[in-house]
2 protein chains.
Amino acid sequence: MSTITSTNSLAVEDLGSAAQRDRRRRILDATITLAAQGGFDAVQMRGVAEQADVALGTLYRYFPSKIHLLVSALGREFERAEASLKDKPVPGDTASDRVIYVLRKTTRGLQGDPHLTEALTRAFMFADSTVATEIHAVGMQLSTMLTRAMDPERTEPTEDDIAIARVIGDVWLSSLVAWVTGRATANETAEHMERAVRMVLRD
Amino acid sequence: MSTITSTNSLAVEDLGSAAQRDRRRRILDATITLAAQGGFDAVQMRGVAEQADVALGTLYRYFPSKIHLLVSALGREFERAEASLKDKPVPGDTASDRVIYVLRKTTRGLQGDPHLTEALTRAFMFADSTVATEIHAVGMQLSTMLTRAMDPERTEPTEDDIAIARVIGDVWLSSLVAWVTGRATANETAEHMERAVRMVLRD
DNA sequence: GCCATAATAGGAACACGTTCCAGTTTGTCC
DNA sequence: GGACAAACTGGAACGTGTTCCTATTATGGC
């Protein structure tokens, strides 16, 4: 039997048997459910295990820590968000408009589920280097979404595009943290992000 | 006897008796010492209490949580850093150069003490709204340092300057987190920040 | 079908943040 | 100096993330 790739939630290959895929899915489902109900603190390892109908030790075999678990859950949610955006062209006449559209849409999605967003953002911020793989995957997805919005024609983004996307991603993350921790309202967050986008993408 | 303003580390007034000021100082000293030795995990409340020679309950009377404690310690360190920069003019011919100088200097200072930086950054990122006061104070200090570097002549920064400073602060924070969590090297961090500064301050 | 091995269940045990309490010390007011 | 309140001490106790152990159950090769 193949081993579980517990440290890489986004690899499609080598996910083990159907039973294992199902356990993994149940665990992530339980995580999202609990996070959506009560945020970071409500995601308790014993509770996740119980709701997913696995033993505590099994949960830790699949995800070596609560942070890995939450970041993996974030990765799966992002995959879905990206997939749902993949085929439709992004509306907007300028790069700024298109990027803002994507950010607005993504942010609104997150802010519609504050507890979930709080849990996932916290986990993301608290992650150490052992979660680097998962974090990197999420970062790449965000970068892809942004560069495609900036330059829908191009298949391969330029180095400049990537640098710009990273800055926007940084602002996005900081804003999200400020919102999650109650230091900024949703409106302030949106305004600040929009302003930053127009600042780096003058068009 | 006046009560301790345990939730606002930066207020100068109302710090209580000399004995209380001394206890507070000993606690923050112990926090910084432990953080510098082993980072976030090494700052353990029982250990801080022991090293500061106070009871655990007393520690919690002064700082209601580990996060408050660390963020307050970060605030004290920032006060010192800003005070040491206050009177010297920032070298550099353009706003970019001056901002990069300030960031380099600050970042180098932080990176010279990785464990301490890890502890303080992590606390900062993990803070919730109950720590908003302390967080806001730190953010204002950073903003002041940056706007002064951008525009040394002006006494009051423009709204644009503040917006730019916020974006730079966001990138700085994200980069610091990436460095602290081992996802980026010190060099990558510095390069990314520099590039972002030149992106928003084209001069 | 049988065996070897890996995976899982169930739960005890440990670490550390946090809370709480009884007794003692310190500070204040008269 | 005495009385009262506030602060402090020392330590027990609790919750949750994490580890560990044993018995049981699935899995894959022959």
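Throughout, a chain's letter reflects where its sequence line sits, starting with A, and its residues are numbered from 1. The figures that follow rest on heavy atoms only: side chains count, while hydrogens, waters and symmetry mates do not.
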Between [options], which nucleotide has the shortest distance from any of its atoms to the side chain of [X]?
X	options	result
Arg46(B)	dT8(C), dG17(C), dT9(D)	dG17(C)
Leu56(A)	dA9(C), dT18(D), dG17(C)	dT18(D)
Arg61(A)	dT19(C), dT9(D), dT8(C)	dT8(C)
Gln44(B)	dT9(D), dG17(C), dG17(D)	dG17(C)
Tyr62(B)	dG17(C), dA9(C), dC8(D)	dC8(D)
Gln20(B)	dG17(D), dT18(C), dA7(D)	dA7(D)

How many Å lie between [atom1] on [X] and [atom2] on [N], as a whole number?
X	N	atom1	atom2	answer
Leu59(A)	dT16(D)	CG	C1'	13 Å
Leu70(B)	dG17(C)	CG	C1'	12 Å
Arg23(B)	dT25(C)	CZ	C1'	10 Å
Leu34(A)	dT16(D)	CG	P	13 Å
Lys66(B)	dG17(C)	NZ	P	4 Å
Phe40(B)	dC16(C)	CZ	C1'	11 Å
Arg24(A)	dA7(C)	CZ	P	15 Å
Arg21(B)	dA7(D)	CZ	P	16 Å

- Message: I need the Ile32(A) CD1 to Asp113(A) CG distance, nearest 0.5 Å.
- Response: 8.5 Å
- Which is true for Val48(B) with a 4.0 Å heavy-atom rule: it touches a base, it touches only sugar-phosphate, or it touches nothing? nothing
- Do you know the tightest heavy-atom contact between Ser96(B) and Arg198(B)? CB-NH1, 3.4 Å
- Between Thr58(A) and dA7(C), is there a side-chain N or O to OP1/OP2 distance below 4.0 Å? no
- Note on the structure: Comparing Gly57(A) with Asp41(B), nearest DNA chain C nucleotide closer to 5' gives the residue Gly57(A)
- Go through the side-chain N and O atoms of Trp179(B) and Thr107(B) and say whether any donor and acceptor fall under 3.5 Å apart. no
- Ionic contact status for Asp29(B) with Arg25(B), cut-off 4.0 Å: yes
- Task: Starting from the 5' end of DNA chain D, give me the residue, Tyr60(A) or Asp53(B), whose nearest nucleotide shows up first.
- Result: Asp53(B)
- Is a side-chain donor or acceptor of Thr147(A) paired with a backbone partner of Thr144(A) at a separation under 3.5 angstrom? yes
